[in-house]
Number of protein chains: 2
Amino acid sequence: MAKNAQQLLYARQAQIAKAIAHPVRIAVLDFLQSGEQCVCDIAEAVGSERSNVSRHLSVMVAAGVLSCRKDGLKVMYTIKTPCILQFFGCITKVIKSQARENEQLLQAM
Amino acid sequence: MAKNAQQLLYARQAQIAKAIAHPVRIAVLDFLQSGEQCVCDIAEAVGSERSNVSRHLSVMVAAGVLSCRKDGLKVMYTIKTPCILQFFGCITKVIKSQARENEQLLQAM
DNA sequence: TGCTTATGTGACAATATACTCATATAGTAA
DNA sequence: TTACTATATGAGTATATTGTCACATAAGCA
């Protein structure tokens, strides 16, 4: 791949990773596993202001992680690329392995 | 899971996602697929200052994505949880699907 | 029409992140 | 010891991100 194209790909990959890299946005993705939801229900589920959630949602739509459709007054959001969820399986492994390390550390004290 | 524990998990997952969510750090991970490397070689490969790369590396170590060991003067960094790499497969899918959308858009103009 | 609800957005302040430079530290070798 | 190399880090500036408030927009209904 050309050097510039590679840089561009890294930037695009980073954009997607950034779109996920926030506790509220992860909570949103977790909630959306149950299927498409409107902003008001998402805001309630994650315990944050609607306007704030709306911004987080548009970041994720811009990155291509979510898609949305209008349904009357509501806008329904859904996970566009379910393989994103595999990522959480992976980082849960990272967290577990760190937790085990800490446990060993504690026992050695 | 308790509500607080859930919040903690989301925060921890976000920390790991953040540790990946930067073009330079993605370039580093890409380079480290070839095996462990020292800071100077990583800096050269990704085309960035050593001090800057050193900071990026410590962020990824703190998040549990990389591990490192001293080898004489050098510090060798390596990917600690290879499943992280699957994530790139996933987001490449996202990028391809968006590229296809844009192509269709272009053809409709 | 006016009223209500759901969502999006401009503007701002607060905070976090990234990069650079200079300097510190640690290891190697003469 | 001194000189050299690799890495890490403090301090500063620049930039990006986040959350909140107020307001705008859009859709439904009386």
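Letters go in sequence order (proteins before strands), and every chain restarts at 1. Computed from a prediction, not measured in an experiment: that's the story for all the values here.
- The separation between A/Glu49 atom CD and D/dA22 atom P is 11 Å, rounded to whole Å.
- Within 6.0 Å of atom NZ in B/Lys80, more than 12 heavy atoms from other residues, nucleotides or ligands are found, so the atom counts as buried in its surroundings.
- Across the protein-nucleic acid pair, A/Tyr10 atom OH and C/dA18 atom P stand 18 Å apart, rounded to whole Å.
- Atom NZ in A/Lys70 sits roughly 9 Å away from atom C1' in C/dG8 (whole-Å rounding).
- On a pure distance criterion of 3.5 Å, a polar donor-acceptor pair joins the side chain of B/Arg55 and the base of C/dT20.
- Counting heavy atoms from C-beta on, the side chains of A/Val61 and A/Tyr77 come closer than 4.5 Å.
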Under the criterion side chain to side chain contact (heavy atoms under 4.5 Å, CB included), I'd like the reasoning laid out for B/Leu29 against B/Met60: C-alpha separation, chi angles, the key distance, then a yes or no.
CA-CA 10 Å; B/Leu29 288 168; B/Met60 289 193 277; 4.2 Å; yes

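- The B/Arg50 side chain lies nearest to D/dA6 when the options are D/dT18, D/dA6, C/dA6.
- For B/Lys74 and C/dG27, the shortest distance from a side-chain N or O to OP1 or OP2 is not below 4.0 Å.
- For C/dA16, the OP1/OP2 oxygens have no side-chain nitrogen or oxygen of A/His22 closer than 4.0 Å.
- Side chain of A/Arg12 to main chain of B/Ile91: no donor-acceptor pair is present (N/O by atom type, distance under 3.5 Å, no hydrogens or angles).
- Heavy atoms from other residues, nucleotides or ligands lying under 6.0 Å from CG of A/Asn4 number 12 at most.
- At whole-Å resolution of the value, CG in A/Asn52 and P in D/dC21 are 11 Å apart.
- In this structure, A/Ser51 and A/Gly72 both approach DNA chain D, and ranking their closest nucleotides by distance from the 5' end singles out A/Ser51.
- Rounded to an integer number of Å, the gap from CG of A/Leu73 to C1' of D/dT25 is 11 Å.
- Atom NE2 of B/His56 is separated from atom C1' of C/dT17 by 9 Å (rounded to the nearest Å).
- Of the candidates D/dT20, D/dT7, C/dC19, the closest approach to any side-chain atom of B/Val24 belongs to C/dC19.
- The nearest whole Å value for the distance from the CG atom in B/Leu57 to the P atom in C/dA18 is 13 Å.
- Atom OH of A/Tyr77 is separated from atom C1' of C/dA6 by 11 Å (rounded to the nearest Å).
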